[in-house]
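In this text the structure is predicted, and so the values were computed from the model without any measurement. Side-chain atoms are counted along with the backbone in the values below, which use heavy atoms only and exclude waters and symmetry mates.
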Amino acid sequence: MATSTSSKLSKDVKQHYMDLPQGDKVQAMYIWIDGSGEGLRCKTRTLDSEPKTIEELPEWNFDGSSTYQSEGSNSDMFLIPAAMFRDPFRRDPNKLVLCEVLKYNRKPAETNLRNTCKQIMSMVDNNHPWFGMEQEYTLLGTDGHPFGWPSNGFPGPQGPYYCGVGADKAYGRDVVEAHYRACLYAGVDICGTNAEVMPAQWEFQVGPTEGINMGDHLWVARFILHRVCEDFGVVVSFDPKPITGNWNGAGCHTNFSTKEMREDGGLKIIEESIDRLAKRHQYHIRAYDPKGGLDNARRLTGHHETSSIDEFSAGVANRGASIRIPRAVGQDKKGYFEDRRPSANCDPYIVTEALVRTCLLKEEGEEPRDYRK
């Protein structure tokens, strides 16, 4: 099993230094999404005191030419603190700071999808949109081979691994447990985890979380997972189809509800929303992975518990549909629905924004409306 060289450094030696007092100073790790729309970057600065609110955090900058976000001749980009969490690696009073990225002219960077999402969410405050996202991922060795798989072959076929227990069924549980506890410490709204259908594939769930907070919490949960995997010397992949062949892909199923949907008779509102989603399938497919649907085309084949990328479908308790209405929701006539189309490497800001645009703002057509005009 190929693991990183740095993971083999003595953690006992490191802990000696981590136990040293830091005085009144605070380490704030600034985190942002790079120009790929998928990668996360981070760097740390010292603060003179522990910040209590996001407003107390200073703006910062970085070299965008090294993150696929600018040219070297005009490379300064601005980091605008947007959400703050406790740091589970350095511990209190240190912080993780999720940032928006602005270009030299103070306009949002192309991969800063939070900016527009926040505007859209502010337009539907009274609807109290709740989201829950089910983040699937795959653990890999540093050589790109799935964690725990035979070096020159494949494990047994899918079947015993989903929610499995035992050394021959659950690959990498230490990573999962460490990530779960780190998220709880940080204040991330993580609500569960389980082993998935493909061996070395896992899932964690975030939510229910309202509005812009969904994207903030999921991105920070992803960052924490990357850092935990770094400590263990393995790699996390959010690729929607990491292994070709008869193996399940990885999605980010998104559960959505509004105040009206959660109240008595809400099933009617759910069905009306699904009708609107059916008419806007291609817009959502383009929004649901960073490459405008190309990544998802490898996953949404109509097989391995997915719908076809070319056709919209919906049904009660149907895991092969684009939209699934949970059986309990069908019985209670209220609740939420699950959009099963988003890919594992989706940007949660644009996924949640797209659902609000279609279901609440009742947009139509293939392009999002510009409300700034």
Side-chain angles (χ1 to χ4, degrees), residues 32-38 54 59 64 67-71 74 77-83 98-131 133 209-216 218-219 252 254 256-261 269 272-296 309 312 322-323 337 339 341-343 345-373:
W32 71 96
I33 302 159
D34 70 18
S36 71
E38 301 179 62
I54 202 74
E59 291 185 14
T67 62
Y68 319 119
Q69 288 172 295
S70 70
E71 297 180 358
N74 192 10
M77 310 283 285
F78 296 102
L79 291 172
I80 312 301
L98 182 66
C99 300
E100 286 194 32
V101 176
L102 301 184
K103 296 187 286 190
Y104 69 95
N105 56 7
R106 308 289 295 186
K107 292 184 178 180
E110 282 71 15
T111 50
N112 177 2
L113 303 183
R114 186 184 191 275
N115 191 270
T116 304
C117 181
K118 186 177 181 182
Q119 176 200 1
I120 295 300
M121 293 301 171
S122 69
M123 297 170 65
V124 296
D125 278 346
N126 293 338
N127 298 94
H128 298 287
W130 289 4
F131 301 94
M133 298 187 80
T209 303
E210 188 166 328
I212 194 68
N213 293 327
M214 182 69 250
D216 292 347
L218 188 63
W219 273 115
C252 192
T254 302
F256 174 60
S257 71
T258 64
K259 185 174 182 292
E260 274 192 298
M261 292 178 190
I269 309 300
E272 290 173 356
S273 293
I274 293 173
D275 287 342
R276 284 192 282 273
L277 290 167
K279 297 171 184 174
R280 224 176 178 214
H281 180 60
Q282 289 307 317
Y283 161 68
H284 283 265
I285 288 297
R286 289 199 308 275
Y288 284 0
D289 79 52
K291 296 182 178 64
L294 293 177
D295 276 347
N296 241 343
I309 196 169
F312 180 88
S322 308
I323 303 293
F337 67 82
D339 192 333
R341 296 171 293 176
S343 67
N345 62 342
C346 70
D347 189 315
Y349 293 127
I350 196 171
V351 171
T352 55
E353 176 189 322
L355 284 166
V356 166
R357 284 179 178 273
T358 301
C359 299
L360 290 179
L361 299 179
K362 302 181 181 179
E363 291 184 15
E364 298 177 349
E366 295 302 314
E367 298 297 329
R369 187 180 304 164
D370 188 349
Y371 293 94
R372 294 170 298 179
K373 295 180 180 178

Criterion salt bridge (charged side-chain N to carboxylate O under 4.0 Å, His left out) against E100, the qualifying member of R106, R114, K107: R114

Audit row: L355, L277, side-chain contact (heavy atoms from CB on, under 4.5 Å) steps and yes/no: CA-CA 8 Å; L355 284 166; L277 290 167; 4.1 Å; yes

Quick one: pull up [atom1] in [X] and [atom2] in [Y] and give me the separation to the nearest 0.5 Å.
| X | Y | atom1 | atom2 | value |
| --- | --- | --- | --- | --- |
| E353 | M214 | CD | CE | 15.0 Å |
| T67 | W32 | OG1 | CH2 | 7.0 Å |
| W130 | N213 | CH2 | CG | 13.0 Å |
| S273 | F337 | OG | CZ | 5.5 Å |
| L113 | C117 | CG | SG | 8.5 Å |
| E210 | T352 | CD | OG1 | 12.0 Å |

In the structure I gave you, are the side-chain heavy atoms of [X] and [Y] within less than 4.5 Å of one another anywhere?
| X | Y | answer |
| --- | --- | --- |
| K279 | E364 | no |
| E367 | R286 | yes |
| K291 | E38 | yes |
| R357 | T116 | yes |
| I80 | E59 | yes |
| D347 | P290 | no |
| F256 | V351 | no |
| I212 | Y349 | yes |

Electrostatic pair D339-R341, nearest N-O below 4.0 angstrom: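 Counted as a salt bridge, because a side-chain N and a carboxylate O are separated by less than 4.0 Å.
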
Smallest separation among heavy atoms of [X] and [Y], with atom names:
| X | Y | answer |
| --- | --- | --- |
| T111 | I33 | OG1-O, 4.1 Å |
| P129 | V356 | CB-CG2, 4.4 Å |
| C346 | M133 | SG-CE, 4.1 Å |
| M77 | A109 | CE-CB, 4.0 Å |
| A83 | I54 | N-CD1, 3.4 Å |
| P368 | Y283 | CD-CE1, 3.8 Å |

A quick test of your reading: do over 12 heavy atoms of other residues, nucleotides or ligands sit less than 6.0 Å from [atom1] of [X]?
| X | atom1 | value |
| --- | --- | --- |
| Q119 | CD | yes |
| N126 | CG | no |
| K118 | NZ | no |

No-hydrogen, no-angle side-chain donor-acceptor test under 3.5 Å, H284 and T358: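 Indeed, the side chains of H284 and T358 share at least one donor-acceptor pair under 3.5 Å.
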
Side chain to side chain donor-acceptor pair (under 3.5 Å) partner of N345, the single match among D289, N296, D295: D295

Side chain R280, main chain G365, donor-acceptor under 3.5 Å: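 Yes; judged by distance alone, with no hydrogens or angles, the pair exists.
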
Chi angles and distances behind the side-chain contact (heavy atoms from CB on, under 4.5 Å) call for K103, Q69: CA-CA 8 Å; K103 296 187 286 190; Q69 288 172 295; over 6 Å; no

Steps toward side-chain contact (heavy atoms from CB on, under 4.5 Å) verdict (I274, F312): CA-CA 10 Å; I274 293 173; F312 180 88; 4.0 Å; yes

